[in-house]
*Asks:* 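Submitted below is the structure of interest, expressed as structure tokens.
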Amino acid sequence: MKIKIMYFAALREQAKKSDEILETSFTNPNDIYNYLKRKYNFSLEINELKVAVNDFYEDFDFELKEMDSLVFIPPVAGG
Amino acid sequence: MFEISKESIEDYKNKSLLTHECGAVVTFEGRVRNHNDGQSVDSLEYEVYKALAVKEGEKILQNAKEKFDIINAFCIHRVGHLQIGDLAVWIVVTSKHRKEAFKACEYIIDAVKDTVPIWKKEHYSDKSLESKWVYCNDDHQH
């Protein structure tokens with residue numbers, strides 16, 4: 001299935017892109033991040049991240065659907 | 001109400017939430033300072049995941065209204081490339097009595113730093129140091 005992924009901050013820099021459509025057989029954020037971490041050599045470990053699906057925080061075992069929007073959230077630092 | 005702005009937010013300081021029941025107004029200004037963790041900082045770059053940031057920000061303001069006896073609350077966060085002294089975040093809380101407004105204002109800035117998807121990258125005066133994304137998961141001392 002196709003998943004829309006947006007990248008921010010350190011992940012955007014390491015992926016060298018802001019977004020992409022990923023064709024994948026993985027169905028949850030956990031498996032997709034492990035795949036992307038190897039692909040882009042992400043420095044952040046999965047336990048340092050949060051994940052959002054369709055602009056809501058969700059768990060890493062959330063069951064994804066075709067064209068869901070997925071964002072891995074590095075540690076935040078507003079203020 | 002929670003807002004994100006790419007432009008200067010100084011003018012928001014004129015924003016008034018005053019009604020006749022208000023006996024206290026507490027505001028907070030978060031500004032870009034010239035150092036962090038022993039390094040001299042030249043500027044900061046803020047990045048936001050806006051759709052989620054606004055949603056989380058609104059939730060924080062709603063929680064503040066439920067937890068504390070306040071009348072109203074507003075927060076705006078600036079993003080983009082900010083220079084030393086620039087206003088990065090501004091909060092105003094109104095209440096009948098001062099204590100609840102002080103507590104709510106501190107709750108809001110702590111929660112914003114904790115959960116709103118905004119990131120900042122530090123550019124250092126020492127150009128031999130690579131600019132770095134700040135990860136402040138500590139006790140909100142920054």
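Sequence lines set the chain letters: A, B, ... in the order given, protein chains first and strands last, and positions in each chain run from 1.
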*Asks:* Please report the interatomic distance CZ(A:F56) to CZ(A:F62), rounded to the nearest 0.5 Å.
*Replies:*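 Answer rounded to 0.5 Å: 10.5 Å.
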
*Asks:* Same cluster or not: B:F2 versus B:I108, using hydrophobic residues (I, L, V, M, F, W, Y) connected whenever any side-chain heavy atoms lie under 4.5 Å apart?
*Replies:*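 Both belong to a single hydrophobic cluster.
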
*Asks:* List the steps, then state whether salt bridge (charged side-chain N to carboxylate O under 4.0 Å, His left out) holds for B:R31 with B:E10.
*Replies:* CA-CA 11 Å; B:R31 290 188 178 268; B:E10 293 284 349; 3.0 Å; yes

*Asks:* Which residue, B:Q83, B:E122, B:H81, B:K121, forms the side chain to side chain donor-acceptor pair (under 3.5 Å) with B:S43?
*Replies:*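 Passing option: B:H81.
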
*Asks:* For residues 20-34 of chain A, give me every residue with a non-hydrogen atom less than 4.5 Å from any non-hydrogen atom of chain B.
*Replies:*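 Under the 4.5 Å heavy-atom cut-off, nothing qualifies.
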
*Asks:* Working to the nearest 0.5 angstrom, can you tell me the gap between B:K96 NZ and B:C22 SG?
*Replies:*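 Spacing of NZ (B:K96) from SG (B:C22) equals 10.5 Å.
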
*Asks:* Enter the distance from B:K127:NZ to B:D42:CG here, rounded to the nearest 0.5 Å.
*Replies:*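 Going from the NZ atom of B:K127 to the CG atom of B:D42 covers 4.0 Å.
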
*Asks:* Would you compute the distance between atom CG of A:L49 and atom CG of A:N47 and round it to the nearest 0.5 angstrom?
*Replies:*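 A:L49 atom CG to A:N47 atom CG measures 8.0 Å (nearest 0.5 Å).
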
*Asks:* Compute whether any side-chain donor of one residue and acceptor of the other, for B:Y12 and B:E3, lie under 3.5 angstrom apart.
*Replies:*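 B:E3 and B:Y12 do have a side-chain donor-acceptor pair below 3.5 Å.
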
*Asks:* Would A:N54 and A:S69 count as having a side-chain donor-acceptor pair, cut-off 3.5 Å?
*Replies:*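 There is no such pair (donor and acceptor under 3.5 Å, judged by atom type) between the side chains of A:N54 and A:S69.
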
*Asks:* Do any of residues 46-65 of chain B come closer than 4.5 Å to chain A, heavy atom to heavy atom, and if so which ones, in number order?
*Replies:*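 Residues of residues 46-65 of chain B touching chain A at under 4.5 Å: B:Y46, B:E47, B:V48, B:Y49, B:A51, B:L52, B:K55, B:E56.
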
